[in-house]
Amino acid sequence: MSARVRFAPSPTGYLHIGGARTAIYNYLFAKANNGTLILRIEDTDLERSKREYEVLQVADLKWLGIEFDESPEKPGKYGPYRQSERTDIYLKYAQMLVDKGLAYYDFCTDAELEAMKERATQEGRPPHYDGKWKNEKYWEEAQAKLAAGEKGAIRFKASQKSYILNDRVRGRIVFPENMVGDFVLIRSNGQPVYNFCCVVDDMLMKITHVIRGEDHLSNTLRQMMLYEAFDATIPEMVHVSLLIGNDRQKLSKRHGATSVNLYREESYAPQALVNYLCLLGWSHPEEKDIFTLQEIAPVFNLDRFSKSPAIYDIEKLKWVNGQHLRKIDNEILVKQLDAFIDSGHWFHKQPHDWKIACIALFKEQIQFFQEIIPHLEALHSKELVRDEKLNEILSWPTTPQIAAFLSKELEQIKTHYVEAATFNQWMDKIKTELKIKGKPLFMGVRVSLTGHDHGPELNQLIPLTPVDVLKARVKNLLT
RNA sequence: GCUCCCAUCGUCUAGCCCGGCCUAGGACAUCGCCUUUUCACGGCGGUAACGCGGGUUCAAAUCCCGCUGGGAGUGCCA
């Protein structure tokens, strides 16, 4: 039987990086095993689920390079792929359990349940449902209520024995007896509940491996009971450790950017995010740390998951991003930059070759795509911002000499830009005629021409800077 | 509270299942040095970890127990 895996997000918000990570693992597993990847929308919480979030999440997934073999947009033969469209299926299966005597109708009110929980807690018992409507003496009443059209929830008779789960990453897990009370399958409003839908769908969609976050580990007990009730085999369970913040707490908004769309907006390379996320809790057999999904799909396997939670550290992401950015073709980068920079910006008026040269020059220096903006601004700024270090260089006796020389040379230039060859001639002349060399030479020229004490290599930078800007800077410095 | 899970450098991790080759390896970050001379990139090097306590064993990061710490769950949320 070929592998079938699914990613099952709830459309209640943007795609979270934790969700993206499990999607990646599922994708990789499917690819590695020539299997099928399914997208199932878990929108049984009508209150919080929104179609627009589903659209957004799918778009983010696509941006990350994750495509599905079966999904709401691309139905296979196990649809529908939105749980909200499968209600009658769940109802049917719930009724089957009722008929088999494995589940029952419950007509308790919220207040009743609340009181029940409170009582149990006070008495030091686990806050389980007390099984009132399971009791024979209420059967007739239940039938009557049902006949009268009253809405009741359907509860599963939780078996009170101990269960053993063989989890692919966590090994043998023993759930002791009496851990859960009778739980709801169908709400009194007729809507099914997560744990139930999940089992029915995984069963019907013939899912072979469930790869999901460790937060679902305890849900697995209930789900095992349901598989048992349906006389079905449990898929292979793969519970991956969670992502946490630098304070070791559950990852949340206060830890910074936790949703994928934010990274897209900040122009991170999607393959970098994917690469980094993949490495959080999984390791490459050869300990490689820069790769694409296509590259590692053949070697991806379930044996290399770490069991402990991983702290999400954006510093390493930045580095990974830089590594990927350097591999991207300059033409593509220019296109992205065009889209990234505001339409009114002078950058758009530059010739294509100039843009390419800029990208080539700066791509080695930036980790964030957006960090290129200050670099670009620096090319066009006539300003000379004096700080301590700059003033020190300006105080060197050689610097005014260099500036004066450059000023004269610049007057000779009739073109819009200085050629690299011309610039190199200047350097030679300063060396031979002015007899300046070493640090005073390079820093003197750099400061005179750029107004900064740092930046890319001069012979690449200067040919990209307009002559009038260079003139203004030198003049600025001489006065 | 109860239940389950987890525990190697600041961070991500390799090693653990099948004890010796581990004076614990790699990567990010950090520090220093080198590099047609700056920041960066690159190269070289440094600082830095087996949570604690007991066992078992000739030998333990690796196996067992306890403690401590952390995480998750405990819903008519997913």
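Computed over heavy atoms, backbone and side chain alike; hydrogens, waters and symmetry mates excluded. On a predicted model such as this, the values are computed, not experimentally measured, just so you know. Just so it is clear: chains get the letters A, B, ... in the order the sequence lines come, proteins before strands, and each one is counted from 1.
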Ignoring hydrogens and geometry beyond distance, is the side chain of [X] in donor-acceptor contact with the base of [N] at under 3.5 Å?
X	N	value
A:Ser218	B:C4	no
A:Asp313	B:A29	no
A:Gln249	B:G70	no

Pair [X]-[Y], side-chain donor/acceptor within less than 3.5 Å:
X	Y	answer
A:Arg304	A:Ser283	yes
A:Tyr129	A:Asp106	yes
A:Gln83	A:Asp43	no
A:Asp45	A:Tyr194	no

In terms of side-chain heavy atoms of [X], which of [options] is nearest?
X	options	answer
A:Lys316	B:G26, B:G1, B:C6	B:G26
A:Glu287	B:C6, B:G25, B:U36	B:G25
A:Arg222	B:C77, B:U74, B:G26	B:U74
A:Thr44	B:C5, B:A78, B:U11	B:A78

For the [atom1] atoms, the ones on [N] and on [M], what distance do you get once it is rounded to whole angstrom?
N	M	atom1	answer
B:G19	B:G55	C1'	15 Å
B:U74	B:A29	P	39 Å
B:C77	B:G71	P	26 Å

(request) Whole angstrom is fine here: how far is it from NE2 in A:His128 over to P in B:C76? (result) 11 Å
(message) From CG of A:Leu221 over to C1' of B:U3, roughly how many Å is that when rounded to an integer?
(response) 10 Å
(request) On RNA chain B, check which nucleotide each of A:Asn195 and A:Lys117 is closest to and give me the residue with the more 5' one. (result)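 Nearer the 5' end of the strand: A:Lys117.
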